[in-house]
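Let me begin by presenting the structure, written as structure tokens, before commenting on it.
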Amino acid sequence: MGWELAEVYESPHGKVRWDSFGEGPDVVLMHGTPFSSFVWRDVANALSARYRVHLWDMAGYGTSEKFEGQDVSLAAQQEVFTGLLRHCGVNEPSVIAHDFGGAVSLRSALLDGVRYRRLALLDAVSVRPWGSDFFRLVNVNAPVFAALPPHLHESLVRGYLATAAHRELRPDVLDRMVEPWLGEEGQPAFYRQIAQADERYTGEIEDRYGDLDCPVLIGWGEEDSWLPADRGRELARRIPQARLEWIPRAGHLVQEDNPARVTALITEFLAS
């Protein structure tokens, strides 16, 4: 299944793969954890008919560089994202952010002063507490999990990723999502990113969400078991100007569960 990012940005936290295509106003699509830009493939292709679409794999994710001792925290991803926008010469884009990407986009806006034309937050890591029960278990026991034999690790990652979707993922799609987390680089990288997940990174900005000065859309999968619906409602409460939309027949991975609804929602928001 072809999906490649052609460009490389030498970030302070490793080489980051990115790409852009289409013509029109700038739109940036941001993935979450433990995913990559691959989850945006269908939405990106649809949007590219009207927009210049930019995608990237966060440091330590997807096809971006992974190495021992790498800082892949939300603060590091914020630094990479802010720097990447400057590197690409992208000014005041519309940003569509999922999961951890939501926290990264919020930190860049509120702490780095990055301006957005519009901001859509889909099932966004944003309001404490966040993370599934499994995520929290690995967070406090990362060295133990990192020592798993490769075949057990692959089974764990495969089973975990499957729970992000409300419907069964196609085998080839699930294979592609699991692939970056396998092997001598991928397995430790998987546990590294969970071990460095810390709620203080959203705690630093949660009381400032009302300061956002652009139109905000909050989209949430009605069946999200990773970040339940009450997180979406609380985020909407903290951003008074935000519009909250529920995505039916969708779990946390809304792009895979209901891509048509997600694309329609984003297209309407960008054009409004």
Side-chain angles (χ1 to χ4, degrees), residues 1-8 14-19 21 29-48 53 55-67 70 72 96 98-101 122-123 131-135 137-138 142 145-195 197 221 223-227 247 249-263:
M1 182 178 294
W3 181 258
E4 303 297 335
L5 302 179
E7 305 294 334
V8 176
K15 295 178 182 177
V16 165
R17 305 296 301 227
W18 67 276
D19 212 337
F21 53 95
L29 301 178
M30 301 179 65
H31 71 84
T33 182
F35 311 110
S36 71
S37 61
F38 174 74
V39 300
W40 284 117
R41 65 198 180 282
D42 293 332
V43 177
N45 285 326
L47 292 178
S48 66
V53 179
L55 305 104
W56 63 299
D57 285 351
M58 290 194 292
Y61 289 75
T63 56
S64 290
E65 188 176 14
K66 306 172 183 70
F67 55 87
Q70 187 176 19
V72 294
I96 317 298
H98 177 245
D99 186 80
F100 259 35
L122 303 181
D123 298 77
S132 65
D133 291 342
F134 168 80
F135 192 93
L137 176 66
V138 175
F145 282 91
L148 285 172
H151 69 285
L152 292 180
H153 163 73
E154 179 174 354
S155 296
L156 182 150
V157 175
R158 190 173 295 276
Y160 175 54
L161 283 168
T163 67
H166 178 57
R167 63 182 178 86
E168 186 176 356
L169 293 169
R170 280 180 13 213
D172 58 334
V173 169
L174 183 56
D175 287 346
R176 181 63 187 262
M177 291 181 180
V178 171
E179 182 183 2
W181 303 121
L182 303 181
E184 294 182 0
E185 291 184 352
Q187 179 166 339
F190 179 80
Y191 299 107
R192 184 182 305 123
Q193 49 91 19
I194 297 180
E223 310 298 333
D224 191 338
S225 61
W226 283 20
L227 292 175
I247 301 171
R249 302 179 303 281
H252 185 68
L253 200 54
V254 292
Q255 305 96 321
E256 298 294 337
D257 279 330
N258 199 340
R261 174 58 178 153
V262 170
T263 301

_In the structure I gave you, are the side-chain heavy atoms of His252 and His98 within less than 4.5 Å of one another anywhere?_
yes
*Would you mind reporting whether Glu154 and Val178 have side-chain heavy atoms less than 4.5 Å apart?*
yes
_side-chain contact (heavy atoms from CB on, under 4.5 Å) between Leu174 and Arg158, worked out_ = CA-CA 7 Å; Leu174 183 56; Arg158 190 173 295 276; 3.6 Å; yes
_Closer than 3.5 angstrom, by distance alone: can the side chain of Glu185 be matched with the main-chain N or O of Phe67 as a donor-acceptor pair?_
no
*Which value, rounded to the nearest 0.5 Å, describes the distance between His166 atom NE2 and Arg249 atom CZ?*
9.0 Å
*Ala189 versus Lys66, closest heavy-atom pair with distance*: CB-CD, 3.6 Å
*CH2/Trp18 to OG1/Thr63 distance, rounded to the nearest 0.5 angstrom?*
13.0 Å
_Flag side-chain contact, heavy atom, 4.5 Å: Arg17 against Val8_ = yes
*Side chain proximity check, Asp19 to Leu55, heavy atoms < 4.5 angstrom*: no
*Got a second to check how far Glu65's CD is from Gln70's CD, nearest 0.5 Å?*
6.5 Å
*Identified side-chain contact (heavy atoms from CB on, under 4.5 Å) counterpart of Leu122 within the set Asp224, Asp99, Ile96*: Ile96
*Starting from the C-alpha separation in whole Å, work towards a yes-or-no answer on side-chain contact (heavy atoms from CB on, under 4.5 Å) for Trp226 and Asp123.*
CA-CA 9 Å; Trp226 283 20; Asp123 298 77; over 6 Å; no
*asked:* Please evaluate residues Val53 and Leu29 with respect to the criterion side-chain contact (heavy atoms from CB on, under 4.5 Å), reporting the C-alpha separation (whole Å), side-chain torsions for both, the decisive distance (0.1 Å), and the verdict.
replied: CA-CA 7 Å; Val53 179; Leu29 301 178; 3.8 Å; yes
_So does Phe190 get a backbone contact from the side chain of Gln193, meaning a donor-acceptor N/O pair under 3.5 Å?_
yes
*Using side chain to side chain donor-acceptor pair (under 3.5 Å) as the criterion, point out the one residue from Tyr61, Trp56, Trp3 that pairs with Ser37.*
Trp3
*Would you confirm whether Thr263, through its side chain, and Ala260, through its main-chain N or O, come within 3.5 Å as a donor-acceptor pair?*
no
_Note: Arg41-Glu256 ion pair, threshold 4.0 Å (strictly below)_ = yes
*What residue among Trp181, Tyr160, Phe145, Tyr191 forms ring-ring contact (aromatic ring centres under 6.0 Å, His included) with His153?*
Tyr191
*Salt-bridge test for Asp175 and Arg170: reply yes if a basic N is under 4.0 Å from a carboxylate O, no otherwise.*
no
*asked:* Any side-chain to backbone donor/acceptor pair from Glu223 onto Arg167? Under 3.5 Å, distance only.
replied: no
_I need the Leu161 CG to Met177 CE distance, nearest 0.5 Å._
7.0 Å
*Are the side chain of Asn258 and the backbone of Ala250 linked by a donor-acceptor contact shorter than 3.5 Å?*
no
*Intermediate values then yes/no, side-chain contact (heavy atoms from CB on, under 4.5 Å), Phe35 and Leu253*: CA-CA 10 Å; Phe35 311 110; Leu253 200 54; 3.8 Å; yes
_I want to check something: taking the side chain as every heavy atom from C-beta on, are Asp57 and Phe38 in contact at a cut-off of under 4.5 Å?_
no
*Closest approach of Gly183 and Pro188, non-hydrogen atoms and distance?*
O-CD, 4.0 Å
*What are the two closest heavy atoms between Ser36 and Gly62, and how far apart are they?*
CB-CA, 3.7 Å
